2 protein chains.
Amino acid sequence: MPHMPVAERRSRLLTAAFDVIARTGVSGATTRAIVDEAGMKLASFHYAFESREDLLAELVDVVVGGQEVVLELPSDPTADLETLLARGLVSYFDQVRADPLRERAMFELTQYAMRTPGMAGFAERQYARYRELAAASLREAAERTGCDWRDPVDELAADLVALTDGITLAWLADRDDRRALATIAFAARALAAEADRGGAVSPVQPSTSADIHPTPAEHHRAPSREAAR
Amino acid sequence: MPHMPVAERRSRLLTAAFDVIARTGVSGATTRAIVDEAGMKLASFHYAFESREDLLAELVDVVVGGQEVVLELPSDPTADLETLLARGLVSYFDQVRADPLRERAMFELTQYAMRTPGMAGFAERQYARYRELAAASLREAAERTGCDWRDPVDELAADLVALTDGITLAWLADRDDRRALATIAFAARALAAEADRGGAVSPVQPSTSADIHPTPAEHHRAPSREAAR
DNA sequence: AACTGACTGGGTCAATCGACCCAGTTGCGT
DNA sequence: ACGCAACTGGGTCGATTGACCCAGTCAGTT
């Protein structure tokens, strides 16, 4: 309603568009729905953006570049590599659970970019970014536990991205927390098996998934944290 | 144009709708675009289907139920478990490469089902079906090589589905054949590590991924076979 | 406090959407 | 060959869409 600089207005419209896309998909993100979500009038839209396509292109750009957190590794000096990876994956999964609509919007935007002629490269860049972040996490995990990856981290990063994608997609479809956590345990086991322990660390032994469940018997429960605005 | 039974007409409209969705997404699959693709007139649409939603619901139903091939295991009595899984995954990947639009349409329909109120269960059923097929493949692979899965196959099936989903999604985004095959090698290694060799089979040893690449150094090349029509 | 350019609000436009209608035509069962 | 139900074709409808316009209003500068 009140006056505000263009940059601010553009930014607000972008987050509003993202929220609308999360709820109703890209096709539901009409100019009217977006300005409604942002609490503006329709004319403000074409003042801030050339067109709807223009906004969507910028949104994809911002979203790809702003992608930050993949694995948040706990600072536990006693944990071995597999446990560390499992904890990191669980923390990622908690993020997904806390805001499922965000993940849906991400997939939606990726598919939109893939099928829009001028934006073919965006989806590719997005996955390159994912791998980048995954590689950083893998490097740090190995360093902390004194392990060495047998193959280049970039290769392994692609494996990690594939696993998180698969876990996320399946969970979005069936919302089965238990199964997702079981797959996370498998993923940690599989990734840890790709490393040699470099120093004097005790050998990695196959573990059950029980020790990585933060809240063991809490299936199908909505997360406490609300979606960030 | 000519007369034909309702069932035939419905069927043709369904496949036409699937093709349109593959090309332009669910939102692009308007009633006019669908009948155009099928070579019919607009009135035929509402003669065969109650509404556009009705067609989409039936399409999701058919697509979920008609899902068949996941892993096609080669009949090689000398292959060990990991090699068998790797070959199966490569054959799946070849299918994806042969008809990428089909996979895109599948993801598109899954997302549509997830965000459409009345069709929440369809996405869940789809993934249950995926796991079912994956479990069958895993069971057969273990049986052929005389191995035993340490955990229930249903658990492992979820892992396999996550991996194939992740591999497919990443490849659709960047079309990097080499990376996809490397991830497939990782997947086969990781899955095979979940089995105990039951009989007198030689122990599974870590292998490089070189032996499963059908065309080792062919990056970013479009597949030779064209999408099936 | 006056001025002026940045910004808003409400309205309009052609295009496209799903849905529907109905007079005409086709081809099957008999 | 004939009757009639199954089916087609062309047109229409209200709703929604992206885009645009312009007179009015606000805020920062002087």
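First the proteins, then the strands, lettered A, B, ... as listed; each starts at 1. This structure is a prediction, so every number in the text was calculated from the model and none was measured.
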Report the distance from atom [atom1] of [X] to atom [atom2] of [N], rounded to the nearest whole Å.
X: B:Glu8; N: D:dA6; atom1: CD; atom2: P; result: 18 Å
X: B:Lys41; N: C:dC22; atom1: NZ; atom2: P; result: 21 Å
X: B:Phe45; N: D:dC7; atom1: CZ; atom2: C1'; result: 17 Å
X: A:Arg52; N: C:dA15; atom1: CZ; atom2: C1'; result: 15 Å
X: A:Ile34; N: D:dA19; atom1: CD1; atom2: P; result: 10 Å
X: A:Leu13; N: D:dG18; atom1: CG; atom2: P; result: 13 Å
X: B:His46; N: D:dC13; atom1: NE2; atom2: C1'; result: 13 Å
X: A:Tyr47; N: D:dC26; atom1: OH; atom2: P; result: 16 Å

Would you say the side chain of A:Ile21 lies within less than 4.5 Å of the side chain of A:Leu59, judging by non-hydrogen atoms?
yes
Between B:Tyr112 and B:Glu108, is any side-chain donor less than 3.5 angstrom from a side-chain acceptor?
no
Any donor-acceptor N or O pair under 3.5 Å, side chains A:Thr110, A:Tyr127:
no
Could you please name the option among [options] that lies closest to any side-chain atom of [X]?
X: B:Leu42; options: C:dC20, C:dC7, D:dA19; value: C:dC20
X: A:Thr30; options: D:dG10, D:dG11, D:dG18; value: D:dG18
X: B:Arg32; options: D:dC21, C:dC7, C:dG18; value: C:dG18

If you look only at pairs with a residue in residues 12-37 of chain B, which of them pass as a ring-ring contact (aromatic ring centres under 6.0 Å, His included), with sequence neighbours excluded?
none
Comparing A:Gly28 and A:Glu50 on DNA chain D - which has the more 5′ nearest nucleotide:
A:Gly28
I want to check one thing: is the phosphate of C:dG18, taken as OP1 and OP2, less than 4.0 Å away from some side-chain N or O of B:Ser51?
no
